[in-house]
Structures are given as structure tokens and as C-alpha cells.
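A quick write-up on the structure given underneath.
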Amino acid sequence: MQPSVPNQDRAGVANNPKFWPGQLRQTAHRGLRVWLRHSLPFWLLLPTLIVLGITQVYPGFYTLWLSLQTRQPEGWEFVGTANYARLFNMRLFAESVGHTIVFLVGYVLVTLGAGFGIALLLNRKLRLSGLYITLLFIPWVIADIIAGLVWRLLVVPDYGLFSGILQNPALFPPNGLSILTAVPPRPWLGDFPFPPAPAMVYLILASAWRALPFIVLLMLAALQTIPTEIIESSRIDGANRSQVLRFILLPLILPTLIVALFSLTLSGMNGVGMVFSLTGGGPGTSTEVLSHLLYSIGWGQREFGRAAALAMIIAVVNWLLILGTLRVTRLNG
Amino acid sequence: MKRAWSFLASAVLFAMVLTACAAPAPGSAPAEESAATEVQDFVTWYQYDQNNEDPASDERVGNAYLRASIPVFNEAFAGKWNWVNQPKAFDKMETELITAVQAAGEVPDLMHAGSGSVTTFIRNGALQDLTEWAEAQSWFADLDPNGVEACRGPDGKLYCIPVAQQPQLVFVWKDRFPDGYPTTPEAFLEQAAALKAEGHYAVTFFGSTDFDGEGLSRFVWTTISSFGGKLDDGAGQMTLNTPENVAAIEFIREIVAQGYAPEIAFAGGFQEEEAFKDASAGSFPTGIFGYRYVNPLTAPNGTKYEKRNEEDMLDAIAAGDVFLAPFLAVEGQKPGCNISVSGFVIPVGAKNVEAAHDYINWAMSAEQNPGWVLGPGGGFPVLKTTQSHETFQTPFYQQAAEVTAASACSPWYGSLERRAEAQKLIMTAVYKLIKEDPTADIAAELTAVEEEYNVGG
């Protein structure tokens, strides 16, 4: 940065016409203008920084502080890492970690797979494709809670719209299938909840249905940016459909795929509305994911210290997921 | 010139942000303050909404009560108080109050609450001690001592004012149990097998883990206490692995394994009620307040009760199609049941405690008390003089009184202080034992749960 006043000795200033009063005022104004020009980005960013500070940074530090406290009638009491220790001793916490992994993998794979497939179809410029896109957007405008309730009402045992079909032993031997109450199958890998309970599969499908419009739109936009010449020339060179898909389309929309993966993973990790209204974490604990456990400990049991500890753990997992995705993005150029 | 505009724009933006941050909260204007000195707002939190006039609303009884009572109260205290009710979701209002108190936010002057929440509120420093004030009131000596006890904290102080008691009992379709409701587990299983042979379920109940284990306070505790079981040692520690508790869970496990209860019992969302509404299940152990939620009804003989409000159950009882019964019990035990008390709490930070005191006195008056017990209370009066009021001499209340007298009702939590945590832990374990893994070792699972809870103390 240039100094606004030349570095001269003070006696010389009085004798130099450049620094007579009028000149001095002008120099000061110039200095102010320079300072303002240099600091303008800061002033423009300030409102955003204030908002971020209030809505992100302060709650983050407050949650960290809260995770080290427990509530007594007299006020908060510092307990160090006791809340974290209690969480790790909860059987339900370990179960929830397993359920979260199963849910995330299923949710991301189903949504990305279906989203990509539908985007490919819509990219073929079908008749009425505008109508299809409009219809496709219906789930996106429905609130999580409402979507969950609707999906729930479809399969409520004995009384749901599809319960007659699902609970028919001839179709689903030996006793029919009651999605919301069916017992999870015996796990293949120790206590890890795989294969998932029917309710978990249903939750994954419902959540994927809800997220599909956004992913389809994202993919469709990416597909439409690919010049048709590239695809046509690859066809001329003898590439078949799967080769075009594998070597042309997928590499070209990879950045979009990563954005979609990023978005789905975070929304799947943190979303609670669908679990809350569709399964409530049940049957038993078979759809109890970390975000719902957090809700349950905080709002159900009013154990705010322990809930804050779990929130910190979830935040760390989120950061790791973000860093992992960014690293994968960089590796792929 | 461009720079001057940039400077001006950023200065205006900055000023706007500062102004927004420094803007006074609504309602703090001096003019409003002076008006408030004349008639002050009295703010309450109820799970009912006076503005909801939907006749199909689950909470229509409480909604209608508030709609009718608010003008009456405002007239009685004209020029002094203006009752403003802020409706809250029943399963969120406790947490909302605690967070409001801890964050020094806006709290009501009075909240409708159940005795089951008292220790949670106390642990979170959310309630005012009402002992001294309540004991000085004329109605205090007229309160049922059990109701008063339910409102006391572990320190012996009174933190809520009990107004209605809500015991659990069994709603029974007469045609499914023509010889009366079974009184022993063996008799129940025998009749359940006969009903199953006819294509009916013997019982429906809240069997899911929904609402953080709410089912424990209903059928599960009713069964455990009817088998002589307990969930605590009387000193705040959980004791689950007892022969009585194991026997009770074996009994429920048998009901589920034999298919004497419908699948919807485990679906959550209070949908277990559906099986009683259409009489596919012959009995339904639940709270006395259940009468207002379980409708419309179709009796086994085809009679339909379709007003789609609380009168359906009352009509079915009056017609003799439904009767109320105590639960069964093992030899030497009285039928058990859970009992909760519904009443008022005054939060820490309430601005208008004087109005809250006036309101409680008003609600405890002979004219107002029966209406409150019938409306928001949904149970029996705690005031002894109100118990003899003509309102509570109907077939429904008479039967309910007999059932309660024949039962040994007690709060499920005993001396457990972290009730919400205990409820979820126990109900999750019971669900696993009766539904998810019916071959699991009951004693081992109960031991694991009690250890997990007691370590957290």
C-alpha cells in the first residue's frame, strides 16, 4: 500500500506549497478515498459476515459450550466430556450410526441412479417433456413432514391404501408384509443393520422420491451443456450407447455428479422431517438415524447437553464428508 | 463520482444493518406500555386452540372450552386482565417452555401441564415454587392428597396445581366380552384364543416406540403393575430385572406371538385406536381421556356411533355397547394402572404472576372447575367437592370411578427423575422383547437397560 503523505521531514512541509492548507485538505481527501477504495470489499462483506456470525459461528460455539454442560435446577454445570462419554455408552447411538450409514448409502445411490436415468430420458426431447418436468417437481414443493405422512398413510397396517396388497400372504409369503411394523431381518455382519428393515427401505424410497426433482434438474442441466457434436462424432467413430455414456457423458457431467453427491449426503445426514413423520425411528429402533436421535435426545428427553454433544459429532462427520468430497473433486481435476 | 456512489451505497447498507440490529422489539413503545398498565395481558400456553373450530379436530373439546371460557374470564376480570392463549403442540410445549426459560425468552404466565413433566421442568429450572401461595388458598384443603403428591418435586415443594386426575382403564366392547372382562392372565388368554378363532383380536394397545416410548405409560405399565412389578427402587434407581416384570413381559409377548393383538398396535401415531373403532379388537387399555379421541365407532352388532366427536364413546357406554373395566391382575394383586395429574404450572420468568394466581383461583371456583375438568382436564376432578358435581354422575364417570376404585393406580415412573429418558429406554427394550426378538432373554435385556440408565445418573 502507498503511504498517502510523502515521507518528508516536518519542517519541509510548511515551506512546500504542495502542503499549504488547500493542498493538505485535498491530500487528506485523496487519502480517505484510497482508504475507502481499499476497504470497500470489507464493508460490502460486513453484512454477510454479521449474518453468518449470528446464525452460524455463534450457535456453533454455543453448541460446543453446551456439549460440555449439564443442566441442574440452579443452572448449567460443567461436566467436561461426560456427555460424549454417555453418548458412546448408549446402545442406541451405535445402532443409529449403523442405520445412518445404511440410509445414506441407499438414499444417495437410489436418488443418483434414478435421477440420472430420468435426466437421460428427459434429455431426449420427448413429447410433453415440459409436462413431465412439471409433474416431476411436485415432490419438491411438498414439505418433508407432509410427504412423510402421505407415504405413511399408504402403508399403515390393515388400514393403509396398499395394506391389502402388501399384507396378502399369497403375494408376500408367508404372512404378508406390514412395512411399518415388520421385524428387520437378521443381520449378516454382526450387529451392523444390513439387510435393512422394510421400513428403512421404504424410508429410503420416500426420501429419494422427495429429493429426485432437484437431482434430475441438476443432471438435466449438465447434460444439456454437452455439445451434441461431441456425441455425434463419437458415434461416427463407432462408440455404442454404453460407451457414449461411460466415456463421454459421465466424465463430462462428473462435476455436477459430485455436487449432487455432496448435496444428497449432507441432506441425508441432517434431514429429520421424513423420519419424524414417516417412521418416527421405528419400528423399534430400525430407522433411528443420528439426526432423529439428536431430535429425540434434545426435544424428547430435554437433555440439551447430550444433544449438543451429538450435534458436534454430526457436525464433525459433515465436515469430514465435505473435505472428502472436495478431495475427490480435486483428484478428478 | 463513481467512488462517491460506492461509498454512499456501502454507508447506507451498513446503516440499514445497524438499524435492523438496533430496532426496538415490537411492543416496547412507550405508548403501548402506558396502555398495558390499564389492562394487562395474561398469557397462557395450552395444547388447545380457541381459534380452531374444526369439528373433526382431535382437540375439539379443549378448543371449544377455551373458545367459551376466554370471554367469560375476560369479563370477570374486565379492566384488569386480558387472557391471551397461545396454542402449542402437545408434544413440543414442554421443551419449548424449557428452552424459553433458559434463553430468557418470552414465557407464558401460566401453562397447562401434566405431573409427569414436573421433575423434568425442575431439573431445568423452569418452574416457580407454588407451595406457599397454594397452601394459603381456600381450595387447597379440598384437594385430593394423591393429586397434590403428584405435583410435588423431589424436594417436597409444590410445583403444579392439580386439577384433573387421569387414570388408565380398559374400554371394552360388550359383545366381545359378554361375560365381563377377564380378571386373570389365564382367563384373558383363554378368551383371547376364543376370539381369535372367531376372527377377532382380544386387545389393541399402544405397542410402538413412537413419541419417545409413550406406550410405556399406557398398556405396558398397566400390565407390569398388574403383575406386581415396578420400575424403580424407590430411591431414584431403575430396577427392571424382577420376576414380576419378566412375567408381565412374557404375558405381553404371548399376546403378540399368538396374534391376539392387531399389527396396527405397533404402527405408532395413535393408530392402534382404529382397531377398537371398528370393533376388530375387543378391548383397548388407555387413559380415561381416550373417550374423546376414539370415534366414530362401529359396535360388533353393527350399531354405528357416528357423531364423530367425544359423544360417540359416551353414547356407546350409555347404550351398553361399551363398558369400562379394570385390567386383569395376577393372584394377590389389584389391577394396576398409570395415573397422571393435569393442572397448572407457573414458569420462571412469568411476567404476570398475579394474573396467573387470579386465573387459578377462578378455575378452582365451583362454577368453573367442572368445566375445566371436562374440557382441558379430560379426567376426574382433584377437588373433592367437584367430584360430587352432577356433571360427574353420568354412566361414563360412574363406571370410571368404580374402575379406578377397583384398581391400584400409580405413576409409572415412581422415583425415577429422568423420566423421558427412562420411558424411551424401557419401551424400546419391551418392544424388542415382545415384537422384534421374541426369543431374546428378557432378564438379560432388562438388566442391560437398567444399567444403562443408572450409569447416567
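Note that the coordinates shown come from a computational prediction; the quantities given were computed from them, not determined experimentally. Here is the naming used below: chain letters follow the sequence lines, and residue numbers restart at 1 for every chain.
Of the options B/Tyr293, B/Phe206, B/Phe205, a ring-ring contact (aromatic ring centres under 6.0 Å, His included) to B/Phe270 is made by B/Phe206 and by none of the others.
Checking B/Thr447 against B/Asn241 by side-chain atom types alone, a donor-acceptor pair falls below 3.5 Å. Between the side chains of B/Thr95 and A/Arg302, at least one donor N or O sits under 3.5 Å from an acceptor N or O.
The closest donor-acceptor contact from the side chain of B/Asn454 to the backbone of B/Gln237 lies at 3.5 Å or more, if one exists at all. Looking at B/Thr209, its side chain does come within 3.5 Å of a backbone N or O of A/Gly284 through a donor-acceptor pair.
When each of B/Leu127, B/Asp210, B/Ile98 is checked for heavy-atom pairs under 4.5 Å with chain A, B/Ile98 comes out on top. Residue with the most contacts toward chain A among B/Thr99, B/Asn124, B/Ile122, B/Asp212: B/Asn124 (heavy-atom pairs, distance under 4.5 Å). Each of A/Leu180, A/Asp158, A/Thr285 has some count of heavy-atom pairs under 4.5 Å with chain B, and the biggest count is that of A/Asp158. Counting heavy-atom pairs closer than 4.5 Å to chain A, the top-ranked of the candidates B/Pro262, B/Ser208, B/Gly213, B/Gly268 is B/Gly268.
Proximity to chain B (any heavy atom under 4.5 Å) is restricted, for A/Ser178, to the side chain, taken from C-beta onward. With a threshold of 4.5 angstrom between heavy atoms, B/Ala275 approaches chain A through its backbone and through its side chain. Interface remark: A/Tyr62 contributes no atoms to any contact with chain B (heavy atom separation under 4.5 Å). For B/Val449, the parts sitting under 4.5 Å from any heavy atom of chain A are the backbone and the side chain alike. Residue A/Leu149 does not touch chain B at all, counting heavy-atom pairs closer than 4.5 Å. When heavy atoms are compared at a cutoff of 4.5 Å, B/Thr428 approaches chain A solely by way of its side chain, counted from C-beta outward. Neither the backbone nor the side chain of A/Phe42 comes within less than 4.5 Å of any heavy atom of chain B. In this structure, chain A has heavy atoms under 4.5 Å from both the backbone and the side chain of B/Glu274. Interface remark: A/Arg152 contributes side-chain atoms only to the contact with chain B (heavy atom separation under 4.5 Å). Interface remark: A/Glu288 contributes side-chain atoms only to the contact with chain B (heavy atom separation under 4.5 Å).
Under a 4.0 Å N-O distance rule, the pair B/Asp437/B/Lys432 does not qualify as a salt bridge. With respect to the salt-bridge test (charged N to carboxylate O, under 4.0 angstrom), the residues B/Glu214 and B/Lys424 do not qualify.
To the nearest 0.5 Å, the span separating CG on B/Asp155 from OG1 on B/Thr131 amounts to 7.5 Å.
Both the sub-6.0 Å distance and the 45° axial angle are satisfied by B/Arg418 relative to the ring of B/Tyr453.
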